[in-house]
Amino acid sequence: MTEHQPTPAVRMIGIVKRFPGVVANDHVDFEALPGEVHSLLGENGAGKSTLMNILSGLYTPDEGEIYLFGRPVVLRSPRDAITHGIGMVHQHFMLVEMHTVAENMVLGLNKPRFILNLREIEREVEQLSAQYGLHVDPRARIWQLSVGEQQRVEILKMLYRGARILILDEPTAVLTPQEVDDLFATLRKMTTEGKTIIFISHKLEEVMAISDRITVLRGGKVVATVRKAETSPAELAKMMVGREVLFRVEKEEREPGEVVLEVSGLCANNDKGLPALKNVSFTIREGEILGVAGVAGNGQRELAEVLTGLRKATAGTVTVLECDVTNCSPRKIIGEKVGHVPEDRLGMGLVPNLPVSDNVIMKTYKERPISAGPFLNGGAIGRFARRLVEQFNIATPSVQTPVRLLSGGNLQKTLLAREISISPRLMIAMHPTRGLDVGATEAVRRLLLEQRKQGAALLLISEDLDELLELADRILVLYEGEVQGIVPAKDADVGAIGLMMAGVKPGAPAATETERRPA
Ligand SMILES: Nc1ncnc2c1ncn2[C@@H]1O[C@H](COP(=O)(O)OP(=O)(O)O)[C@@H](O)[C@H]1O
Ligand SMILES: [Mg+2]
């Protein structure tokens, strides 16, 4: 570091935070300067959110000290933190849905003036919006806004409250590529004014794009703090994971075979009884991966549920290998060799309190040698489970271990092991790598490609456009329950897909920001 380094905006020294059974932060030292974007990079569970929840006053550290602009502080609550100029935008927003944008600026501040001065607040919000390019209507109610807009409101709220240090926890997960670009422009604007941005992410490309410096956390400890200009994605990945990582999984050229899944004119409602899928049609062939892109909440979940028998279609048909399975039970659909990797691994996917062995036989327990007449064959179950554990490289103390004790990556491998063990002709996978670390992500992607190689048809629903571009043969974009377009993944134009994700049909003239946003 140079001699003329300014006083750090944030200095955290020797931070320790323990949760039952885990040291989430283990003597962490962290500092961020005024005017820098400092990323906190690490795999899931590395301790990033915990560290920043401490800085934003949500958690109290067990040990350690915090200095802001050179002065020691004790942060007892988020309100405490904001009076010190620290604002955090959480992964799950904390806005009040029924209130307007302007009202949300002051809710919880205990300032009676807000009723009186709402017009004044609206003007201030408009001014901040313009200053930072955070476009949002101050009079809109939160529930009327898209997720991207809600995030802008969260950021505005922190700015309104005088944040000089802004923490964003995995902010891009809910954004389209264009919204990510806009967010990054806003963050850069803030740093030119001397604000400090702490950007939490596990995505290397993003971190390389936005950061001045990067602190890598692994297993609750700091691995290193590096300058962006002096590092590379490969080095960062190695620090994150603790070993070399291969980035690209090899996808073989493959001619798709016969049609496995045919979806025609499919309609379905969401949990509120409103249309979630509108006249959706597509096919997937043997040895083909169809990726489904879209911002969360545009019908992806309902599509996966209808295809696996968990939700009723209100119109249209679903045909698997020429067998009409529209509105059939999940068991009947599994019988057609349809594998399912659900969004919610623990809960819908696996039974948390049952051992690995019972979890992996759930779809094969009626078959020999696992079942012998009315009884299950304990020895055969154990052998079957041990074979899968070995084959899929599942890190578990034994096959008797309840799955709830496994890490996210090993849960996902367990689930995939079970689904693949039925030799699926069609596999429906929803966010199969979400929240997984780099190593587990790589393993899961390889398994999916292996299924493609074996001739399975795969429907891959993902919010990670890079993942879709890497794995899929074609990409279908869902927007508000409608197919916006289906494009080949090879040589796909990310910008064009991003526009489709924002509701612009391909070929339509480029819309302005306001036109693009849903009413
Ligand atoms: N409120 C909590 N209660 C218990 N354990 C927690 C809590 N918050 C985080 N942890 C644990 O602390 C570790 C670090 O978690 P977290 O800070 O959320 O990681 P990251 O944000 O890097 O994914 C994990 O093992 C997680 O399970
Ligand atoms: Mg986190």
Side-chain angles (χ1 to χ4, degrees), residues 10 12 14-30 32 38-64 66 75-78 81 86-94 151 154 166-175 197-204 206-207 210-211 214-225 236-242 245 296 344-347 350 352 395-397 401-412 431 433-441 463-464:
V10 177
M12 303 177 82
I15 300 291
V16 176
K17 181 68 184 176
R18 298 183 191 89
F19 291 115
V22 55
V23 186
N25 289 157
D26 189 357
H27 297 91
V28 170
D29 295 331
F30 173 80
H38 196 128
S39 288
L40 261 184
L41 176 71
E43 297 189 298
N44 220 37
K48 308 178 295 291
S49 295
T50 301
L51 187 69
M52 288 303 119
N53 283 334
I54 289 171
L55 185 59
S56 68
L58 212 56
Y59 294 163
T60 315
D62 297 323
E63 292 173 34
I66 301 174
L75 305 167
R76 291 186 186 81
S77 67
I86 300 170
M88 179 157 171
V89 176
H90 292 268
Q91 277 169 292
H92 304 287
F93 302 149
M94 299 186 171
Q151 183 181 74
E154 283 279 11
L166 185 69
I167 307 162
L168 298 136
D169 197 348
E170 313 247 2
T172 61
V174 295
L175 302 181
I197 307 293
I198 303 174
F199 181 84
I200 302 181
S201 179
H202 63 262
K203 295 185 189 165
L204 293 165
E206 266 173 32
V207 163
I210 189 70
S211 317
I214 301 151
T215 292
V216 184
L217 283 178
R218 186 170 79 230
K221 294 195 174 85
V222 173
V223 182
T225 295
L236 290 174
K238 192 174 169 190
M239 289 195 278
M240 259 170 89
V241 184
V245 181
D344 174 15
R345 285 160 214 159
L346 273 184
L350 299 163
T396 174
T401 306
V403 292
R404 70 180 147 82
L405 299 179
L406 302 187
S407 73
N410 286 300
L411 280 177
Q412 194 65 311
H431 308 312
T433 64
R434 183 157 75 188
L436 302 191
D437 58 45
V438 179
T441 296
E463 280 158 24
D464 183 342

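Just so it is clear, the values below take in all heavy atoms, side chains as well, and ignore hydrogens, waters and symmetry mates. One-based numbering, in listed order, for ligands and for the atoms of each.
A donor-acceptor pair under 3.5 Å is formed between the side chain of Lys48 and the backbone N or O of Glu43. A distance-only check finds a donor-acceptor pair linking the side chain of Arg218 to the backbone of Met239 [under 3.5 Å]. Asp26 contributes no side-chain N or O that, together with a main-chain N or O of Gly220, makes up a donor-acceptor pair within less than 3.5 Å.
For the side chain to side chain contact (heavy atoms under 4.5 Å, CB included) with Ile198, the lone residue among Ile167, Thr215, Ile86, Leu51 that qualifies is Ile167.
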Q.
Using side-chain contact (heavy atoms from CB on, under 4.5 Å), reason through Val28 and Met12 one step at a time and then give a plain yes or no.
A. CA-CA 7 Å; Val28 170; Met12 303 177 82; 5.9 Å; no
**Q.** side-chain contact (heavy atoms from CB on, under 4.5 Å) between Asn53 and Met88, intermediate numbers included
**A.** CA-CA 8 Å; Asn53 283 334; Met88 179 157 171; 3.3 Å; yes
Q: List the steps, then state whether side-chain contact (heavy atoms from CB on, under 4.5 Å) holds for Met52 with Asp169.
A: CA-CA 8 Å; Met52 288 303 119; Asp169 197 348; over 6 Å; no
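If you check the side chains of Thr50 and Asn25, you find no donor sitting under 3.5 Å from an acceptor.
Below the 2.8 Å limit, the Mg ion (ligand 2) has as protein N, O or S neighbours Ser49 OG.
Protein neighbours of ligand 1 below 4.0 Å, counting non-hydrogen atoms: Phe19, Val22, Ala24, Glu43, Asn44, Gly45, Ala46, Gly47, Lys48, Ser49, Thr50, Tyr59.
Dense packing is recorded around NZ of Lys203, with more than 12 heavy atoms of other residues, nucleotides or ligands lying under 6.0 Å away.
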